[in-house]
Amino acid sequence: MSSHPKRYTVTAALPYTNGPIHIGHLAGVYIPADIYTRYLRAKGRSVAFICGSDEHGVAISLKAKKEGKTPQEIIDHFDGVIRASFEEFGIAFDNYSRTSRAVHYETAQEIFKILDSKGVFELNASEQLYDEAAQQFLADRFVTGTCPICQHPEAYGDQCESCGSSLNATELIAPKSTISGGKPSLKTTKHWYLPLDRYQDFIQKWILEGHKNDWKPNVYGQVKSWVDNGLQARAVTRDLDWGIPVPVEGGENKVLYVWFDAPIGYISSTKEWAAAQGIDWEPFWKSDDTQLVHFIGKDNIVFHCIIFPVILHATGDYILPENVPANEFLNLEGQKISTSKNWAVWLHEYLDDFPDQQDVLRYVLTANAPETKDNDFTWSEFQARNNSELVAIYGNFVNRVMVLTQKYYKGSVPPAQNLSDEDQAVLSAIKSFPGKLEKSLESYRFREASQELMQLARLGNKYLADAEPWKRIKNQPEQVEGILYSALQICAALAVLSEPFLPFTAKKLKSLLQLNPNLNWDDLAVSAVLIPSGHQIAAPELLFKKIEDEQIEAQRLKLQPQEKPENIAHETPLAAKKPDISFEQFEKMDFRVGTILSAEKVRKTNKLMQFSIALGEETRTIISGVAEHYSPEALVGKKVTVLTNLAARKIKGIESQGMLLLGENKDGKLIFVGPEDAHASSGSSIA
RNA sequence: CGCGAGGUAGAGCAGUGGUAGCUCGUCGGGCUCAUAACCCGAAGGUCGCAGGUUCGAGUCCUGCCCUCGCUACCA
């Protein structure tokens, strides 16, 4: 702590503008980043807290096409929503930019050109699906078709969401362009590749050897896993019309890969901010006495620890992140947060439902932050943390002190002449808190820090309970002066130390105490007087209010996946009818009655189940994606319809020799198509 | 046998070789200044399972099981 960097550049992951912000984003990235930067400012450090909207990429153009809008309309809308909710929530960015702004185009293109001129890239040609009608290449997510594994009719080009298998777009049966609806063809295209393999040593030395002990295990382990498996060259351009044009010869009709341009957004946002401040941006990215920290979620580790650093390193004189404290994920009531299933708590809705209670959500998400593993957010915990910690411990302590001060001394801080040993002990205990908090905060342990803060309020409550000023006022009034004087010092310390965690509360408490605005973090450890005798404080006012069961119940109800028939009908139409086939084609298919002899889940998969099926004399192994709908035991003995002459295919190393016929009901549950009649015998043919 | 992280009281977490801890919840008591708040005490754990190393293992080694991620609208 004796020496610290001259300045800090702190980034928070750029939110992707195809949806609003939810509690997962807040807990994983924005709250920890905001706490960290508020703390640094409280210590008087020079900080640039940088963020912005990430507005390129396939998902946005897909969403735009699906909703019949332009990408620009989508990003303008969500940039507005996100920007406003961050502002109201108190995430105090120094600059919140957009990757669609000119400064970002220039910056990203310039870095691309530098890398190109240094000969860093490799150019490679490959075959990709091409939509003749739309005259463009199709990114994986622009192709749907029948999954070759589970026969799900709407698998994407990179993955089937039904069985979870990873796919190549070229493997899909009957691929279809989501743009024109037409059948794509194969066409050769070339792309610029960042040869990460050539930077293996660089990553090895920098992270695996240099940050073995100061980076979080999840981050370090993830990087190690990538490096141990051998880094691969990665294409950094795409054949799309939405994005930043590739600024070199041959780059016509191509754009930068969104993950190439997005992190550069940190740099362009810094430039934009510095220009507005009238200062030079370069020290924030190119000076060795700057500490760069990226706050991200665990899914971004590879981009921030490998790809972006390689870009910075290869470009030239940029510094590398000092730390990348990635958090794990937050679940909601035991389930993964999901936009499409509307399983989320949206920030803008929270702000409407709980006005002026930003700090409650900040506190709950900090106290239960997924720092070392995935954690669960529940509304009952939210209520409990508010009612039993913020209200009962913190708010109540402050209120007790203020009410007593009002009652006994008309709101004037009493004299400190007759301090007992206990009073002195409390006053010196206060001095130890800034150091404890700093230790936690400097090592990115925000959950621990928030609990240390709460300990200060606990200390206050215990002190009051032990000292019993309400009893002593009757016969030892001079001692009560010392007690309330000391208790008020705790309140003042709380006001200052709370600022990073509970900025709204800190502001309110400072105003209630009429605290000297010059009192700062570092004073707490040295100054004996935080709020002087004779100082007048305001009338008591509650800092937090109880959250009632009804409010929690209302939030829970909100979470129920809402049945909106018109929307569901619109969003999940019946599977499109397939083209007619001839009787001859149908006749080629050999359907038979099969009996399930055994069933077991396929290891390391969610949805796949391996069956042993009796077909008369013969027994076959068949894989089917039903594990989420049935337990293996329940299926043994069941009669099913089997397509027996489907070409065998290896799935997860197991050869599947046929296919089970399944239907899907309106809830999405898979139903076996099977002969109900117990007399249907195994192996008999179906026509 | 793909790789990474996690699996410690009802819940959330700390604890990396030396008598299992913290917060919330539960139960009992105290107090009454305070938002039925606060303070004290108690109950509650075979530290995922099985082996091994060690005088001694939650902590080190080996194997296995489970959860999450690497792979989707997600941070």
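Values below: every heavy atom of this structure, side chains too, minus hydrogens, waters and symmetry copies. Proteins come first, then strands; the chains are lettered A, B, ... in the order of their sequence lines, and each starts at number 1.
In this structure, A:L543 reaches the bases: a heavy-atom distance under 4.0 Å links it to at least one base atom across the strands shown. Contact annotation for A:A392: backbone-only contact, meaning every heavy-atom pair under 4.0 Å involves sugar-phosphate atoms and none involves a base. Contact annotation for A:P217: backbone-only contact, meaning every heavy-atom pair under 4.0 Å involves sugar-phosphate atoms and none involves a base.
Minimum atom distance to the side chain of A:D466 is reached by B:rC39, of the listed B:rC39, B:rC74, B:rC70. Comparing atom distances between the A:K462 side chain and each of B:rA75, B:rG4, B:rC39 picks out B:rC39 as nearest. Taking every side-chain heavy atom of A:N461 into account, B:rC38 is the closest of B:rA75, B:rC38, B:rC70.
Legend: side-chain hydrogen bond (donor to acceptor under 3.5 Å, both in side chains) pairs involving residues 451-460 of chain A, not counting sequence neighbours, sorted by first then second residue: A:Y363-A:Q451. For the side-chain hydrogen bond (donor to acceptor under 3.5 Å, both in side chains) condition, the pairs that include at least one residue of residues 390-407 of chain A, sequence neighbours left out, are A:Y394-A:S498, A:R400-A:N461.
Place A:E328 and A:N387 on RNA chain B by their nearest nucleotides, and A:N387 ends up nearer the 5' end.
Of the residues in residues 297-304 of chain A, A:G297, A:K298, A:D299, A:N300 come within less than 4.0 Å of RNA chain B through at least one heavy atom, sorted by number.
Comparing the same atom, P, in B:rA50 and in B:rC68 gives a spacing of 24 Å after rounding to whole Å. For the C1' atom pair drawn from B:rC73 and B:rC64, the interatomic distance equals 35 Å after rounding to whole Å. Here the separation of B:rC55 from B:rC65, taken at their C1' atoms, is 32 Å to the nearest Å. Distance noted for atom C1' between B:rA43 and B:rG10: 12 Å (whole Å). B:rU23 and B:rA75 have their C1' atoms separated by 26 Å, given to the nearest Å. B:rG45 and B:rA9 have their P atoms separated by 10 Å, given to the nearest Å. Nucleotides B:rC24 and B:rC38 are separated by 16 Å at their C1' atoms, to the nearest Å. Across the C1' atoms, B:rC1 and B:rG25 are found 43 Å apart, a figure rounded to whole Å.
Note that the CD1 atom of A:I31 and the CG atom of A:L361 stand 5.5 Å from one another [nearest 0.5 Å].
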What are the atom names and distances for every N/O pair under 3.5 Å that joins the protein to nucleotides 57-60 of chain B?
none

For nucleotides 30-33 of chain B, tabulate all protein N/O to nucleotide N/O atom pairs closer than 3.5 Å, reporting atom names and distance.
from, atom 1, to, atom 2, distance (Å)
B:rC33, O3', A:K407, NZ, 3.4
B:rC33, O2, A:R400, NE, 3.1
B:rC33, N3, A:R400, NE, 3.1
B:rC33, N3, A:R400, NH2, 2.5
B:rC33, N4, A:R400, NH2, 2.9

Enumerate, atom names and distances included, each donor-acceptor pair closer than 3.5 Å involving a side-chain atom of residues 465-480 of chain A, sequence neighbours excluded.
from, atom 1, to, atom 2, distance (Å)
A:D466, OD2, A:K462, NZ, 3.3
A:E468, OE2, A:K471, NZ, 3.3
A:R472, NE, A:A467, O, 3.0
A:R472, NH1, A:Q479, OE1, 2.4

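Between A:K439 and A:E448 no salt bridge is recorded (no basic side-chain N to carboxylate O distance below 4.0 Å). Note on A:D34 versus A:R362: salt bridge recorded, some NZ/NE/NH1/NH2 to OD/OE distance being below 4.0 Å.
Close to B:rG69, at under 4.0 Å from its OP1 or OP2, lies a side-chain N or O of A:K336. Between A:T378 and the phosphate of B:rG12, there is no side-chain N or O to OP1/OP2 separation shorter than 4.0 Å.
The distance from atom CG of A:N18 to atom P of B:rA75 is 8 Å, rounded to the nearest whole Å. For the pair A:Q222 CD and B:rG4 C1', the interatomic distance rounds to 5 Å; values are reported in whole Å. In this structure, the CD1 atom of A:I473 is 14 Å from the P atom of B:rA34, given to the nearest Å. Atom NZ of A:K373 and atom P of B:rG7 are 6 Å apart (whole Å). Residue A:F329 contributes atom CZ, which lies 10 Å from atom P of B:rC73 at whole-angstrom precision. In this structure, A:N331 places its CG atom 11 Å from P of B:rG12, rounding to the nearest Å. Protein atom CZ of A:F377 is 16 Å distant from nucleotide atom C1' of B:rA75, rounded to whole Å. Atom CG in A:N368 sits roughly 14 Å away from atom C1' in B:rA14 (whole-Å rounding).
A search for side chain to side chain donor-acceptor pair (under 3.5 Å) contacts involving A:T505 returns A:D359, not counting sequence neighbours. With sequence neighbours left out, the side chain to side chain donor-acceptor pair (under 3.5 Å) criterion links A:S269 to A:N95. Under the side chain to side chain donor-acceptor pair (under 3.5 Å) criterion, A:N218 pairs with A:E328, sequence neighbours left out. Take A:F303 and apply the ring-ring contact (aromatic ring centres under 6.0 Å, His included) test, not counting sequence neighbours, and it matches A:W259. In this view, A:R385 and A:E381, A:E389 satisfy the side chain to side chain donor-acceptor pair (under 3.5 Å) rule, not counting sequence neighbours.
The base-pairing partner of B:rG2, taking Watson-Crick or G-U wobble contacts with both distances under 3.5 Å, is B:rC70. Under the Watson-Crick or G-U wobble criterion, with both distances below 3.5 Å, B:rC33 has no partner in any strand shown. The pairing partner recorded for B:rG10 is B:rC24, the criterion being a Watson-Crick or G-U wobble arrangement whose two distances lie under 3.5 angstrom.
A cation-pi arrangement is present between A:K298 and A:F329, with the terminal nitrogen or guanidinium carbon under 6.0 Å from the aromatic centre and inside a 45° cone about the axis.
Of the listed residues (A:F86, A:Y30, A:F49), just one forms a ring pair (Phe, Tyr, Trp, His ring centres under 6.0 Å) with A:Y96, and that residue is A:F86.
Between the A:Q383 side chain and the A:I547 main chain, a donor and an acceptor come within less than 3.5 Å of each other.
Between A:H56 and A:Y16, the side chains place no donor N or O within less than 3.5 Å of an acceptor N or O (distance only, hydrogens not considered). Inspection of the A:S225 and A:D228 side chains reveals no N or O donor paired with an N or O acceptor under 3.5 Å.
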Using a 4.0 Å cut-off on protein heavy atoms (strictly under), produce a 5'-to-3' string for nucleotides 21-26 of chain B with B for base contact, S for backbone-only sugar-phosphate contact, and - for none. --SSS-
